[in-house]
Asker: 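Sharing a structure below in structure tokens format, with a few things to ask.
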Amino acid sequence: MDVVVNQIHKLSTQSDNDLKALKDFLRHEQDNLKHRAAQIEEVLQLLDPAQHTLGIAFLLAALFSSDQRSVLRDQKVTFTYVGNFLRLADERQARAAAVPMAAVCRSYAQMAVDGAPPSALRALRPLRSAVEKLRPDPETLTSVHAEYLRVCLKAKAYHLGAQLLTQPIFDTTLSHSSFAQLTAQSFLCYFYYGALIRIGLKQYVQALQLLLVVLTCPASCLSAIQADAFKKYVLVSLKVHGDLQPLPVYASHIVQRYAKNQGYVLELVDAFKLGDSAGFTRISQEKASLIQADNNMGLVKQVEESMRRHKLHTLTKTYLTLSLGEIAKELGLEASHVPDVEELLFDMVSGGEIHARIDQVTGNVSFEEDDEQDMDVGMATKMQEKLHDILELAQRIAAFEQEVVSSEAYIRKTAALEGERSPAPSALAGGPSPLLLSKSGTVRLSGPEGDGMDM
């Protein structure tokens, strides 16, 4: 280990060549480091987190890849050390050691999840620091993003996770050869965990958008993450829209097939559509073990509560006036629950969900139409901001499309596919050259099966 320490001290400089030499050396020594993992904790005390970030990252990765139970002397001490290391790590060296750094963050997050609740809270700041240091720019997704959101969920710090989710993602580390490559699991987990955070904050519309990213990701086989995401997508869709929103046509046929054969969630959908509160409750009780295994019991109860709101909203489109007793009967409640109906009406009116007036003398409820047809200044400003975002996004898509269709790999693969599908045109036919990039070729890239070039 003396040779390793000497090399780390010698090559931890500002020179790219020295860092590359140190990285190659530690890669070559990785197996030896794993066999001598018991000595790593002592070696770490001889190194500075800021000056020797690259070397410490490789040593910690070797330590965590060994049998931790027999190697780590005190997991609390190690947990504290890694947290301090992630906060103080040099950004330049951390990016040079992106692969071991990602492994360290993954193990650190697992220690936070497995530990006591305060451990998760303590891990949030170091992991957020690691995210900012390892991403090449704020718009690029890394594997550490998902680990950070996972610990946010454990700590129930949904507001901190939401801060990261507000940053739009337009790229992944797959396109950056110098960074740790993002796996399909990390990609799906980021959006899945993000959806859970939005659900925890009761931001259901945003949760649906994130779940759709998971469900429309190209797939040749069904992921367990996608299976769980579909169940939550169904329940959130019921809560937001009062119905199951169909999956987009570009969703993988694997996911589409799974969506047709899913168990209890589709039974709950049928009961919800019929407004059968008793049936909904019966199904949730009969399938309680499955629902709890999926951690969906809380969401199912929220959907059951929202059933009355959706049913009451439907009544506003059918009737002009109803008594509180008649509304209670339509909602499947007894006459003794009229105060509950009145409370529900007050809540929906104050929230702007419906427009109604209650006559306290007669107990009648008059449903009204929304007369606010004029757009106020705030709404106009908000619409202008949305239009600006849409135009900016359209420009980004056009730039990405141009980059793809002009790349050598795309042209070569498109030419090969066109040559296989159609015979070479004769001189008399005057057909178009197979090298031309057609619009259909561009659209094919975003197809549900991902049969275009590998991006």
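Predicted, not measured: the structure shown is a model, and the values here were computed from it.
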Asker: Between Val303 and Phe280, is a side chain to side chain contact (heavy atoms under 4.5 Å, CB included) present by the stated rule, with each step listed?
Answerer: CA-CA 10 Å; Val303 173; Phe280 192 98; 3.8 Å; yes

Asker: Could you give me the CA-CA distance, side-chain angles and deciding distance for Ser12 and Gln93, then say whether side chain to side chain donor-acceptor pair (under 3.5 Å) is met?
Answerer: CA-CA 9 Å; Ser12 296; Gln93 291 192 38; 4.5 Å; no

Asker: Begin from the C-alpha positions of Phe191 and Leu211 and carry the test side chain to side chain contact (heavy atoms under 4.5 Å, CB included) through to its verdict.
Answerer: CA-CA 7 Å; Phe191 291 100; Leu211 290 171; over 6 Å; no

Asker: Look only at the side chain of Thr414 and the backbone of Ile411, and say whether a donor-acceptor pair between them is shorter than 3.5 Å.
Answerer: no

Asker: Contact between Ser119 and Met111 at the side-chain level, heavy atoms closer than 4.5 Å - yes or no?
Answerer: no

Asker: Can you list, pair by pair, the side-chain donor-acceptor contacts under 3.5 Å of residues 160-167, counting residues two or more places apart and other chains?
Answerer:
{"unit_1": "Thr166", "atom_1": "OG1", "unit_2": "Gln163", "atom_2": "O", "d": "2.6"}

Asker: Rounded to the nearest 0.5 Å, what separation is found between the CG atom of Leu59 and the CZ atom of Phe64?
Answerer: 11.5 Å

Asker: About how many Å separate CG of Leu22 and CG of Leu54, when rounded to the nearest 0.5 Å?
Answerer: 5.0 Å

Asker: Can you see whether Glu147 engages Tyr193 through a side-chain donor-acceptor pair at a distance of less than 3.5 angstrom?
Answerer: no

Asker: Report yes or no: does Ser406 contribute a side-chain atom to a donor-acceptor pair with the main-chain N or O of Gln402 at less than 3.5 Å?
Answerer: yes

Asker: Show the nearest heavy-atom pair for residues Ala195 and Leu210, with the distance to one decimal.
Answerer: N-CD1, 3.5 Å

Asker: Taking only residues two or more places apart in sequence, or in another chain, which ones meet Phe272 in a ring-ring contact (aromatic ring centres under 6.0 Å, His included)?
Answerer: His310

Asker: side-chain hydrogen bond (donor to acceptor under 3.5 Å, both in side chains) with Tyr192: which residues, sequence neighbours excluded?
Answerer: Lys232

Asker: Restricting to pairs with a member in residues 92-112, which pass ring-ring contact (aromatic ring centres under 6.0 Å, His included), not counting sequence neighbours?
Answerer: Phe79-Tyr108

Asker: Apply the test side chain to side chain donor-acceptor pair (under 3.5 Å) to residues Thr281 and Ser284: give CA-CA distance (whole Å), side-chain angles for both, the deciding distance (0.1 Å), then the verdict.
Answerer: CA-CA 5 Å; Thr281 303; Ser284 62; 5.2 Å; no

Asker: Counting N and O atoms only, with roles assigned by atom type, does the side chain of Ser143 sit under 3.5 Å from a partner on the main chain of Ser186, one being a donor and the other an acceptor?
Answerer: no

Asker: Can you see which heavy atom on Pro49 is nearest to which on Asn84, and at what distance?
Answerer: CG-ND2, 4.3 Å

Asker: For Val234 versus Val269, what's the shortest heavy-atom pair and its separation?
Answerer: CG1-CG2, 3.4 Å

Asker: So, for Leu149 and Gly194, which heavy atoms are closest and what is the spacing to 0.1 Å?
Answerer: CD1-N, 3.9 Å

Asker: Kindly compute the distance separating CZ (Arg128) from OH (Tyr148), expressed to the nearest 0.5 Å.
Answerer: 5.0 Å

Asker: Can you tell me if CZ on Arg125 sees more than 12 non-hydrogen neighbours from other groups inside 6.0 Å?
Answerer: no

Asker: Determine the minimum heavy-atom distance between Ala57 and Met101, stating which atoms define it.
Answerer: CB-SD, 3.8 Å

Asker: Measure from the side-chain N and O atoms of Thr172 to the backbone N and O of Leu141, and report whether any donor-acceptor pair falls under 3.5 Å.
Answerer: no

Asker: If every non-hydrogen atom of Cys105 is compared with every non-hydrogen atom of Leu86, which pair is closest and at what distance?
Answerer: SG-CD2, 4.0 Å

Asker: In the structure I gave you, are the side-chain heavy atoms of Leu247 and Thr216 within less than 4.5 Å of one another anywhere?
Answerer: no

Asker: Can you find a heavy atom in the side chain of Pro126 that is under 4.5 Å from one in the side chain of Val82?
Answerer: no

Asker: Quick one, Arg150 with Tyr190, criterion side chain to side chain contact (heavy atoms under 4.5 Å, CB included). Give me CA distance, side-chain angles, the key distance, then yes/no.
Answerer: CA-CA 8 Å; Arg150 179 160 72 113; Tyr190 171 76; over 6 Å; no

Asker: Taking Arg95 for the side chain and Arg135 for the main chain, is one N or O donor matched with an acceptor at less than 3.5 Å?
Answerer: yes

Asker: Please set out all donor-acceptor pairs under 3.5 angstrom arising from side-chain atoms of residues 235-246, sequence neighbours excluded.
Answerer:
{"unit_1": "Ser237", "atom_1": "OG", "unit_2": "Asp243", "atom_2": "O", "d": "2.9"}
{"unit_1": "Ser237", "atom_1": "OG", "unit_2": "Gln245", "atom_2": "N", "d": "2.9"}

Asker: Could you tell me whether a side-chain N or O of Arg106 sits under 3.5 Å from a main-chain N or O of Val144, the two making a donor and an acceptor?
Answerer: no

Asker: How many angstroms lie between NZ in Lys202 and CZ in Arg198, if you round to the nearest 0.5 Å?
Answerer: 15.0 Å

Asker: Distance check, rounded to the nearest 0.5 Å: Phe58 atom CZ versus Leu26 atom CG?
Answerer: 5.5 Å

Asker: Is the closest side-chain heavy-atom distance between Ile8 and Leu11 below 4.5 Å?
Answerer: no

Asker: Without swapping roles, check the side chain of Asp18 against the backbone of Gln14 for a donor-acceptor pair under 3.5 Å.
Answerer: no

Asker: Given side chain to side chain donor-acceptor pair (under 3.5 Å), test Arg122 with Thr80 step by step and report yes or no.
Answerer: CA-CA 9 Å; Arg122 289 173 54 197; Thr80 302; 3.0 Å; yes

Asker: Quick one: does any side-chain atom of Asp48 pair with a main-chain N or O of Gln51 as donor and acceptor, under 3.5 Å?
Answerer: yes

Asker: Report the residues that fulfil side-chain hydrogen bond (donor to acceptor under 3.5 Å, both in side chains) with Asp24, sequence neighbours left out, ordered by chain and then residue number.
Answerer: Lys20

Asker: Would you confirm whether Lys154, through its side chain, and Ala112, through its main-chain N or O, come within 3.5 Å as a donor-acceptor pair?
Answerer: no

Asker: Measuring from Ser129:OG to Leu124:CG, what's the distance to the nearest 0.5 Å?
Answerer: 12.5 Å

Asker: Please name the residue in the list Leu212, Val265, Asp228 that meets the side-chain contact (heavy atoms from CB on, under 4.5 Å) test with Tyr233.
Answerer: Leu212

Asker: Treating Glu139 as the side-chain partner and Asp171 as the backbone partner, does any N or O pair qualify as donor plus acceptor under 3.5 Å?
Answerer: no

Asker: Might you work through the salt bridge (charged side-chain N to carboxylate O under 4.0 Å, His left out) test for Asp16 and Arg92, ending with a clear yes or no?
Answerer: CA-CA 10 Å; Asp16 291 336; Arg92 183 163 165 268; 2.4 Å; yes

Asker: Hey, mind stepping through Leu188 and Cys217 against side chain to side chain contact (heavy atoms under 4.5 Å, CB included) and telling me if it holds?
Answerer: CA-CA 8 Å; Leu188 293 174; Cys217 185; 3.9 Å; yes

